[in-house]
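This report concerns only the one structure given below.
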Amino acid sequence: MNSRKILLGLTPDELKAVVTGMGMPAFTAKQLAQWLYVKRVATIDEMTNISKQNRERLKEQYTVGAMAHTDSQHSKDGTIKYLFPVRCAEHQDEDEQPARFVETVFIPDGERATLCVSCQVGCKMNCLFCQTGKQGWQGNLTAADILNQIQALPEREQLTNIVFMGQGEPMDNLDAVLRATTVLTADWGYAWSPRRITVSSVGVKGKLKRFLDESECHVAISLHSPLHEQRLALMPAEKAMPIEDTIALLRQYDFTHQRRCSFEYICFGGLNDTPMYARHIVQLLQGLTCRVNLIRFHAIPGVDLPTSDEKRMEALRDYLTHHGITTTIRASRGQDILAACGLLSTAKGRITLESTKIQ
């Protein structure tokens with residue numbers, strides 16, 4: 001069975017190679033890019049300024065790569081969670097029905113509308129507090145899979161911001177993430193400012209540096225504890241790239257202008273939200289231009305971690321802010337539809353961890 005290749009995610013030079021390789025005029029590549037990224041069509045048939053003969057020839061070997069969502073859930077707070085089919089880099093038979101899915105979350109907030117996109121099916125990082133990691137890792141999304149979450153979104157014209165904070169570790173699928181952000185920010189693509197895009201990471205050795213060098217998008221680091229041993233118990237990735245190494249790397253870059261560095265910090269009641277931890281966070285981040293986002297822990301099955309209360313989180317916020325670190329408490333959105341931080345999962349995967357308490 002011959003599978004068709006995907007156009008979504010290709011650069012102008014790659015599109016030029018496609019059309020010239022098929023004997024079409026080179027300018028057809030520019031037309032393709034406009035249809036894909038400016039007009040954002042779902043099919044080759046919609047590309048009406050390309051001759052019908054050439055469209056038919058393209059359709060024999062290529063497809064746009066657009067796929068509509070297969071399910072959606074609406075929260076009482078306006079958040080919408082969509083389920084998108086994906087092909088994945090490891091499973092790219094276009095003519096077979098995709099059997100893998102990811103969740104994507106649309107978060108409207110006044111004049112701001114944020115889309116939380118996924119970059120992997122499952123995740124290898126296996127952070128203790130995150131439901132996504134409990135389903136294991138099933139594949140890397142292609143750039144087309146990532147872009148489709150935006151292109152096929154019913155509310156795409158409302159979007160003001162995109163965060164790579166859905167399923168998966170962006171640095172573990174860096175080539176596809178960089179290709180997607182290139183399309184989003186290039187003049188021939190979406191022409192978005194990179195300041196509208198934030199890419200998160202637990203800290204992956206080598207990959208984080210490459211992202212910082214090759215992208216101008218904001219970066220958000222999953223911190224969750226300033227102490228090595230505790231962070232290691234929460235996040236196995238701490239072993240390969242300790243948080244102190246991550247901070248040392250970040251200090252090599254300039255975040256004093258428009259590019260922003262932030263830290264995500266899930267608060268576990270009495271565990272990492274006490275004054276002692278506040279002092280360690282200040283010590284760790286001192287002198288680095290950054291902000292901290294405090295997030296309430298959302299309980300997941302089989303993991304015995306306490307949830308922080310509002311008073312503790314406010315005290316932590318006030319201490320950090322007083323010591324020169326801009327800190328906010330992130331509102332939990334979509335919790336009633338399992339769309340909040342750490343709850344995304346597209347498999348009823350077995351949870352093999354026993355209930356665990358972090359000391």
Query raised in the report: Donor-acceptor pair, Ser118 side chain versus Gln120 backbone, under 3.5 Å?
Result: no
Query raised in the report: Roughly how far, to the nearest 0.5 Å, is the CD atom of Glu216 from the CZ atom of Phe211?
Result: 10.5 Å
Requested in this report: Could you check if a side-chain atom of Glu60 sits within less than 4.5 angstrom of a side-chain atom of Glu56, using non-hydrogen atoms only?
Outcome: no
Query raised in the report: What do you reckon, is NZ of Lys30 surrounded by more than 12 foreign heavy atoms closer than 6.0 Å?
Result: no
**Report entry** Side chains of Lys16 and Leu32 in contact at under 4.5 Å (non-hydrogen atoms)
**Finding:** no
Query - Hydrophobic cluster membership, Met276 vs Val282, 4.5 Å side-chain cutoff - result: yes
Query raised in the report: Does a sphere of radius 6.0 Å around CG in Asp187 hold more than 12 heavy atoms from other residues, nucleotides or ligands, not counting ones at 6.0 Å or beyond?
Result: no
Report summary line: Heavy-atom closest pair (Asp273 atom, Cys267 atom, distance to 0.1 Å) is CB-CB, 4.4 Å
Query raised in the report: Do you know the tightest heavy-atom contact between Ser200 and Glu169?
Result: O-OE2, 4.0 Å
Query raised in the report: How many angstroms lie between CZ in Arg259 and CZ in Arg195, if you round to the nearest 0.5 Å?
Result: 7.0 Å
**Report entry** Contacts of Tyr319 that satisfy ring pair (Phe, Tyr, Trp, His ring centres under 6.0 Å) - sequence neighbours left out
**Finding:** His323
Query raised in the report: For the side chain of Thr79 and the backbone of Ile107, is there at least one donor-acceptor N/O pair under 3.5 Å apart?
Result: no
Requested in this report: Please report the closest heavy-atom contact between Arg179 and Leu10, naming both atoms and the distance.
Outcome: NH1-CA, 3.9 Å
Query raised in the report: Taking atom CD of Glu214 as the centre, does the number of heavy atoms from other residues, nucleotides or ligands within less than 6.0 Å exceed 12?
Result: yes
Query - Heavy-atom pair of closest approach, residues Ala180 and Leu147 - result: O-CD2, 3.8 Å
**Report entry** CG on Asn126 to CD on Gln135, rounded to 0.5 Å
**Finding:** 11.5 Å
Query raised in the report: Ala68 and Ala152: which non-hydrogen atoms are nearest, and at how many Å?
Result: CA-CB, 4.5 Å
**Report entry** Met171 vs Val177 side-chain heavy atoms within contact, under 4.5 Å
**Finding:** no
Report task. Report, as yes or no, whether the 6.0 Å neighbourhood of atom CD on Glu244 holds more than 12 heavy atoms from other residues, nucleotides or ligands. Result -> no
Query raised in the report: Side chains of Gln230 and Asn272: is there a donor and an acceptor less than 3.5 Å apart?
Result: no
Report task. Find out whether the Lys NZ or Arg CZ of Arg40 is both under 6.0 angstrom from the six-membered ring centre of Tyr190 and within 45° of the ring's axis. Result -> yes
Report task. Using the side chain to side chain contact (heavy atoms under 4.5 Å, CB included) rule, take Lys134 and Val303 through it: C-alpha gap first, then chi angles, then the decisive distance, then the call. Result -> CA-CA 11 Å; Lys134 304 300 180 279; Val303 176; 4.1 Å; yes
Query raised in the report: So do Leu7 and Trp35 actually touch side chain to side chain, heavy atoms under 4.5 Å?
Result: no
**Report entry** Backbone N/O of Glu103 and side chain of Gln167: donor-acceptor pair under 3.5 Å
**Finding:** yes
Query raised in the report: Taking side chain as C-beta onward, heavy atoms only, is Arg196 less than 4.5 Å from Ile162?
Result: no
Report task. Would you confirm whether Arg55, through its side chain, and Ile50, through its main-chain N or O, come within 3.5 Å as a donor-acceptor pair? Result -> yes
**Report entry** Value rounded to 0.5 Å, distance of CG in Asn293 from CZ in Arg330
**Finding:** 4.5 Å
Query raised in the report: Mind checking whether Thr198 and Asn161 have side chains closer than 4.5 Å, heavy atoms only?
Result: no
Query raised in the report: What's the verdict on side chain to side chain contact (heavy atoms under 4.5 Å, CB included) for Val121 and Cys88, showing C-alpha distance, side-chain angles and the deciding distance?
Result: CA-CA 8 Å; Val121 180; Cys88 292; 3.6 Å; yes
Report task. Identify whether Ile329 and Leu285 are in the same connected component of the hydrophobic contact network (ILVMFWY, side-chain heavy atoms under 4.5 Å). Result -> yes
Requested in this report: For Ala237 and Val202, work out which heavy atoms get closest and say how close.
Outcome: CB-CG2, 3.6 Å
**Report entry** Any donor-acceptor N/O pair, Tyr277 side chain to Leu271 backbone, under 3.5 Å
**Finding:** yes
Requested in this report: Give a yes or no on whether Glu111 atom CD has more than 12 heavy-atom contacts from other residues, nucleotides or ligands under 6.0 Å away.
Outcome: no
Report task. Find out whether Leu36 and Val183 are in side-chain contact, i.e. whether some heavy atom of one side chain is under 4.5 Å from a heavy atom of the other. Result -> no
Report summary line: Here the gap from Asp145 atom CG to Arg100 atom CZ, rounded to the nearest 0.5 Å, amounts to 11.0 Å
Requested in this report: May I have the step-by-step check of side chain to side chain contact (heavy atoms under 4.5 Å, CB included) for Phe84 and Ile146, ending in yes or no?
Outcome: CA-CA 10 Å; Phe84 279 105; Ile146 295 171; over 6 Å; no
Query raised in the report: Do Asp13 and Thr11 have a side chain donor and acceptor closer than 3.5 Å?
Result: no
Query raised in the report: When you look at Thr321 and Asp318, which way does the side-chain hydrogen bond (donor to acceptor under 3.5 Å, both in side chains) test go after all the steps?
Result: CA-CA 5 Å; Thr321 300; Asp318 294 345; 5.6 Å; no
**Report entry** Tyr253-Asp213 side chain donor-acceptor pair, cut-off 3.5 Å
**Finding:** yes
Report task. Check whether any side-chain N or O of Asn148 sits under 3.5 Å from a backbone N or O of Met67 as a donor-acceptor pair, and report yes or no. Result -> yes
Query raised in the report: Should Lys311 and Glu314 count as an ion pair when the cut-off is N to O under 4.0 Å?
Result: no
Query raised in the report: Between Thr307 and Phe297, is there a donor-acceptor pair closer than 3.5 Å when you use the side chain of the first and the backbone of the second?
Result: yes
Query raised in the report: How about His322: does its NE2 atom have over 12 heavy atoms from other parts shown lying under 6.0 Å from it?
Result: no
Query raised in the report: Aromatic rings Tyr82 and His74: how do their planes relate, parallel, tilted or perpendicular, breaks at 30° and 60°?
Result: perpendicular
Query - CD/Glu155: more than 12 non-hydrogen atoms of other groups inside 6.0 Å - result: yes
Requested in this report: Identify whether Leu305 and Leu232 are in the same connected component of the hydrophobic contact network (ILVMFWY, side-chain heavy atoms under 4.5 Å).
Outcome: no
Report task. Identify the residue among Met235, His224, Arg231 that makes a side chain to side chain contact (heavy atoms under 4.5 Å, CB included) with Ile243. Result -> Arg231
Report summary line: Rounded to the nearest 0.5 Å, the CG atom of Leu184 sits from the OG atom of Ser193 at a distance of 11.5 Å
Report task. Answer yes or no: are there more than 12 heavy-atom neighbours, outside Glu46 itself, under 6.0 Å from its atom CD? Result -> yes
Report task. Determine whether Arg210 and Leu178 make a side-chain contact, defined as any pair of heavy atoms from C-beta on separated by less than 4.5 Å. Result -> yes
Query raised in the report: Hey, mind stepping through Ile6 and Thr142 against side chain to side chain contact (heavy atoms under 4.5 Å, CB included) and telling me if it holds?
Result: CA-CA 10 Å; Ile6 305 298; Thr142 63; over 6 Å; no
**Report entry** Ion pair check, Lys205 and Asp245, cut-off under 4.0 Å
**Finding:** no
